Number of protein chains: 2
Amino acid sequence: MSPQLRGYPDGVDRPATLADVAAASGVATSTASRALANPGRVNAITRERIERAARELNYIPNSQARALTSGRTRCIAVLVSDITNPFYFGIIRGTQLQLKAAGYTQLLVDTEESDELEDGMLHKLRPSFDGAILAASRLTDRHLTALAEEVPLVAINRQTRGVANVFIDTPTGVEQAVGHLASLGHRTIVYASGPETSWSNERRWRALVRSAEHYQVEAQRVGPFAPRQYAGAAAADAVLHAGATACIAFNDLLAIGMLARFRERGVDVPGDVSLVGCDDIFGADFCNPPLTTLTAPIEQAGRTAVSMLLARLDENATPVGRQAATLPTHLTVRASTGPAPASQTTSTKGRG
Amino acid sequence: MSPQLRGYPDGVDRPATLADVAAASGVATSTASRALANPGRVNAITRERIERAARELNYIPNSQARALTSGRTRCIAVLVSDITNPFYFGIIRGTQLQLKAAGYTQLLVDTEESDELEDGMLHKLRPSFDGAILAASRLTDRHLTALAEEVPLVAINRQTRGVANVFIDTPTGVEQAVGHLASLGHRTIVYASGPETSWSNERRWRALVRSAEHYQVEAQRVGPFAPRQYAGAAAADAVLHAGATACIAFNDLLAIGMLARFRERGVDVPGDVSLVGCDDIFGADFCNPPLTTLTAPIEQAGRTAVSMLLARLDENATPVGRQAATLPTHLTVRASTGPAPASQTTSTKGRG
DNA sequence: ATGAAAGCGCTAACAC
DNA sequence: GTGTTAGCGCTTTCAT
């Protein structure tokens, strides 16, 4: 009866189990188990026999069952706030590659920018994964810190006490961008803000303020805007209204949306206004004009996050090595930035 | 000892199990199980008590354990050939949404355009999912048909005997594109071919040939090319070498790559050559010039695939209803297509 | 080095 | 209605 129970149609032969392998090679299941998992602790010749049987029977260990006893699923959850955001493609690709190489499986979850969903999924799926990677978590610091006690976690672009993280150093890139714009003669730089719940957003804005001071230019802020293409129209209008000649956008998605609106309104980029994006996502190089942006090692961030997480999982209770990594970004100048319009240009004043 | 076994650090209280809930509400585990899964078959008042206990203990069913007995994991595998291809973003988003709504989890797998990896993952993970969605499978027809007997499957853009499918009707769109180009005076249309293992690729080419005949224009073919941006350079060169004034590319990714190369070579689009892409992916609307393309309901394809799969899973042995769905595409004309260059234009000859 | 046996958390007969 | 009893496939003591 059992075959039917397992949901296999009557005739279809169900996958071989460890018991089948053991029977076929005349040993106990425990021996078969050891032979396959702990090759050292079994007689070489016996092991040989077992391995052959396994191969012949096309034996594939049932990871569910294994997880039940061992408590380890060899599965890692990767949470992103919006699957359709190209920024995450890179992350996902990086995690996927690295996980596969380590024999792990990836559980991809879209949290839809919702902290509740994020928390809910993390709990609901808790028994199904060994650890999680949070790309741009929307949880509060308190919440995140608490969570990290229950679940092995690595956060990407989020530095919080007690939570391992991979940080893409966009703030430093922002400083370069401000320098770049200042050197082009821009006197006012407006920041097109992303979601207020985004940790990165605050960091970028603060970096902008800091370096604006350094370069003696004025910093303004408009927004917040959704980190999406469609929000670009409103952002572009706001920038224009602010009367600035230069803008740094929270991310490329928003910047690309702004580009369209500027064209619509007959505003020339970079003739009338210069625009800098963040991340260098797919599309930043071929939009019109190609976007000057802060190139982030996105895929590597994913890979690094996985490495950190797996290292922790394996070191099994060892106090761990690296708990944080910082990845550098760099300014990639393309065609969306240029000299400030003549009417507004003043001679470059002494720098701070 | 058991708590430690499960991998929970000494002090940390492990998640409540069904046994805990049962004990707390003074019933047998089986009753608790029923109360939670099959509310109808249990005394209302008892159920109330059990549900409260579950809530208080913060009980979360262990899906691994559940899968072990029931054989159902409530997890669906989604296989894509390349995660970084924006075409799949839409698919993934669609499947994710629909799966979540049905209380299922998505297992995302990148097969890296490899049929071996595709087959391997499908088998290795077999016990971990109830069914799979194959987006652009690279498996042979034989293989796929055989597989469909073992695993509940829905293929996207792949029609094979015995395999349920969701088909995005790009071929019909190609016919429209050919009509569009013919009406613009183009006499020769070259197809920039995608991977030879791609089923869609053949279908698109055949549609092109068929309708070229209909419109009395010449059809040529160059390639194959990888369905990636970087392959666009070679494709653009090949098209130019073929001396055609119009091109339909296997997909937008390739077309976008071609755009860059054309600009590099001083070839004006659409002045010198018209270009049509396929799929209308992210970026097709903001590249330069914006791409005329065949808009595909990508996200809906994902949703539909999930619906079909889940319907089959639930109808549990019922011979099933819909085994195939066809989703229409339409030509979206943007700035990458225009009249054929004067030197080549001939008066529009009678149409077939 | 190997086997026997006891579970992991849950579900599904089968009684009562 | 509800409790009892077997397992699902695997790992892991504990003997031998």
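Nothing here was measured: the structure is a model prediction, and the numbers come from that model. Order of the sequence lines sets the chain letters (A, B, ...), proteins ahead of strands, with each chain counted from 1.
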**Prompt:** Roughly, in whole Å, what's the span from CZ in B:Arg72 to P in C:dT11?
**Reply:** 12 Å

**Complete:** From CG of B:Leu36 across to P of C:dT11 the rounded distance in Å is 8 Å

**Request:** Give a yes or no answer on whether the side chain of A:Asn38 reaches the backbone of A:Gly40 with a donor-acceptor pair at less than 3.5 Å.
**Result:** no

**Message:** Please check: side-chain N/O of A:Arg312 versus main-chain N/O of A:Leu153, any donor-acceptor pairing under 3.5 Å?
**Reply:** yes

**Prompt:** Please give, in whole Å, the distance from C:dA1 P to A:Arg49 CZ?
**Reply:** 15 Å

**Request:** May I ask you to verify if any side-chain N or O of B:Thr46 is less than 4.0 angstrom from the OP1 or OP2 atom of D:dT2?
**Result:** yes

**Rounded interatomic separation in angstrom, taking CG from A:Asp20 and P from D:dC10** = 9 Å

**Fill in**
In whole angstroms, the gap separating C1' of C:dG9 from CD1 of B:Ile60 amounts to 14 Å

**Complete:** Rounded to whole Å, CD1 of A:Ile50 lies from P of D:dC10 at a distance of 13 Å

**Nearest-nucleotide pick for A:Leu68, side chain only, options being D:dG9, D:dC10, C:dT11** = D:dG9

**Message:** With a 4.5 Å cut-off on side-chain heavy atoms, are A:Val109 and A:Val78 touching?
**Reply:** no

**Request:** Run the numbers on B:Gln106 and B:Thr95 for side chain to side chain donor-acceptor pair (under 3.5 Å), then give the verdict.
**Result:** CA-CA 8 Å; B:Gln106 162 164 295; B:Thr95 52; 2.7 Å; yes

**Between P of D:dT12 and CG of A:Asn38, the distance in whole Å** = 8 Å

**Prompt:** Between A:Thr160 and A:Arg158, does a side chain to side chain donor-acceptor pair (under 3.5 Å) hold up when you go through it step by step?
**Reply:** CA-CA 6 Å; A:Thr160 301; A:Arg158 175 64 176 264; 3.1 Å; yes

**Request:** Could you work out which one of C:dG9, C:dC10, D:dT11 sits closest to the side chain of B:Arg66?
**Result:** C:dC10

**Request:** State whether B:Ser33 places a side-chain N or O below 4.0 Å from either non-bridging phosphate oxygen (OP1 or OP2) of C:dC10.
**Result:** no

**Request:** Using atom CG of A:Leu57 as one end and atom P of D:dG9 as the other, report the distance to the nearest whole Å.
**Result:** 14 Å

Report each atom pair, protein N/O against N/O of nucleotides 4-6 of chain D, whose distance is under 3.5 angstrom.
{"unit_1": "D:dT4", "atom_1": "O4", "unit_2": "B:Ser30", "atom_2": "OG", "d": "3.0"}

**Item:** Criterion side chain to side chain contact (heavy atoms under 4.5 Å, CB included) on B:Glu112 and A:Leu97, from CA distance to verdict
**Value:** CA-CA 10 Å; B:Glu112 300 172 24; A:Leu97 286 175; 3.7 Å; yes

**Request:** Consider the side chain of A:Asn43, meaning its heavy atoms from C-beta on, and name the nucleotide among C:dG3, C:dT2, C:dA12 that approaches it most closely.
**Result:** C:dT2

**Prompt:** Does the B:Arg93 side chain pair with the main chain of B:Glu299, one donor and one acceptor, at a distance under 3.5 Å?
**Reply:** no

